[in-house]
Amino acid sequence: EPEVTQTPSHQVTQMGQEVILRCVPISNHLYFYWYRQILGQKVEFLVSFYNNEISEKSEIFDDQFSVERPDGSNFTLKIRSTKLEDSAMYFCASRFSGRAGQPQHFGDGTRLSIL
Amino acid sequence: KQEVTQIPAALSVPEGENLVLNCSFTDSAIYNLQWFRQDPGKGLTSLLLIQSSQREQTSGRLNASLDKSSGRSTLYIAASQPGDSATYLCAVRLGQNAGGTSYGKLTFGQGTILTVHP
């Protein structure tokens, strides 16, 4: 069964450094998402991406964050200057289409640790 | 702003018991509701999706119901097994936005940690 894959599984970065988290969504999906889960807290929506542009973003997704679909298969989340509070599990998700409410499929996540 | 709450926060049951997990949401104008399972350190596995027009969905030993008007959903697990031990999350997707397009943002509850002991 096709699945969403994320790399790396664990990223350790010094505060202030840039980090790029990578995702390969399911191939025929059209909608893409990033969520994050700080340890012990709820899963929180960051951003949705459709038709090569951001369709919705949360207040968490400030100017330090950006997303890109550089080559038609990868979907990346970049954090420009990481802060300690960016430490979390980051999940990528994808969905087939807008009709009739298809489920979102999630990857296994990237654990980001900021030192 | 949509708020999603799950009770209980944790549940420990002996193997073989039937159990119910609860999810409530404050804004009943949802498009659908999705139940997930999360194993420690892992991603989210989709279990069931209920559209706003549906009352329930079943998959194997799992049955999810939806009462949209009262803002509630339940996940029923029959004949629980130790392998069912995990965190169960519910997430709601709001309905169409003012522009007529819904991009699918999910709002999650905090989860119920289920332990099924042999």
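These numbers come from a predicted model, not from an experiment. Quick note on labels: first sequence line is chain A, next is B, and so on, each numbered from 1.
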A.B. asks: Is there a path of hydrophobic side-chain contacts, each under 4.5 Å between heavy atoms of I, L, V, M, F, W or Y residues, that connects L49(B) with I26(A)?
C.D. replies: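 No: no chain of side-chain contacts under 4.5 Å links L49(B) to I26(A).
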A.B. asks: Applying side chain to side chain contact (heavy atoms under 4.5 Å, CB included), can you list everything that pairs with A91(B), at least two apart in sequence or on another chain?
C.D. replies: F36(B), L106(B), F108(B)
A.B. asks: What part of F49(A) gets within 4.5 angstrom of chain B, counting heavy atoms only: side chain, backbone, both, or neither?
C.D. replies: neither
A.B. asks: Tell me whether I113(B) shares a hydrophobic cluster with L39(A), the cluster being built from Ile, Leu, Val, Met, Phe, Trp, Tyr side chains joined at under 4.5 Å.
C.D. replies: no
A.B. asks: Please round to the nearest 0.5 Å and tell me the distance separating atom CD of Q6(B) and atom NZ of K42(A).
C.D. replies: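 One finds 8.5 Å between CD of Q6(B) and NZ of K42(A).
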A.B. asks: Take atom CG of D63(A) as the centre, draw a 6.0 Å sphere, and report whether it contains more than 12 heavy atoms from other residues, nucleotides or ligands.
C.D. replies: no
A.B. asks: Could you have a look at Q41(A), R111(A), E56(A) and say which one has the most heavy-atom pairs with chain B under 4.5 angstrom?
C.D. replies: E56(A)
A.B. asks: Should Y31(A) and F75(A) be counted in the same cluster of Ile, Leu, Val, Met, Phe, Trp and Tyr side chains packed under 4.5 Å apart?
C.D. replies: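 Unlinked, Y31(A) and F75(A) end up in two clusters.
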A.B. asks: Non-hydrogen atoms of chain B under 4.5 Å away: do they reach the side chain of Q37(A), the backbone, both or neither?
C.D. replies: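 Side chain only.
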A.B. asks: Surrounding CG of L115(A) (heavy atoms of other residues, nucleotides or ligands, distance under 6.0 Å), is the total greater than 12?
C.D. replies: yes
A.B. asks: Using non-hydrogen atoms only, which part of Q34(B) is less than 4.5 Å away from chain A: side chain, backbone, both, or neither?
C.D. replies: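 For Q34(B), the contact with chain A is made by the side chain alone.
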A.B. asks: Who wins among G109(A), S48(A), P103(A), G107(A) for the most heavy-atom pairs under 4.5 Å with chain B?
C.D. replies: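 Ranked by contacts with chain B, first place is P103(A).
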A.B. asks: Look at V4(A), V43(A), V47(A) and state which one has the largest set of heavy-atom pairs under 4.5 Å with chain B.
C.D. replies: V43(A)
A.B. asks: Counting only heavy atoms closer than 4.5 Å, note whether S55(A) contacts chain B via side chain, backbone, both or neither.
C.D. replies: both
A.B. asks: Please lay out, stage by stage, how R95(A) and R93(B) fare under the test side chain to side chain contact (heavy atoms under 4.5 Å, CB included).
C.D. replies: CA-CA 13 Å; R95(A) 181 169 64 88; R93(B) 175 182 162 186; 3.3 Å; yes
A.B. asks: Could you note down all residue pairs passing side chain to side chain donor-acceptor pair (under 3.5 Å) where residues 16-27 of chain A supplies at least one of them, sequence neighbours left out?
C.D. replies: none
A.B. asks: With a 4.5 angstrom heavy-atom cut-off, which part of L89(B) approaches chain A: side chain, backbone, both or neither?
C.D. replies: side chain
A.B. asks: Could you grab the distance from atom OG of S46(B) to atom NE2 of H105(A), nearest 0.5 Å is fine?
C.D. replies: 6.5 Å
A.B. asks: Are F91(A) and F65(A) connected in a single hydrophobic cluster, I mean Ile/Leu/Val/Met/Phe/Trp/Tyr linked by side-chain heavy atoms less than 4.5 Å apart?
C.D. replies: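 They do not share one cluster, since no chain of ILVMFWY contacts under 4.5 Å joins F65(A) to F91(A).
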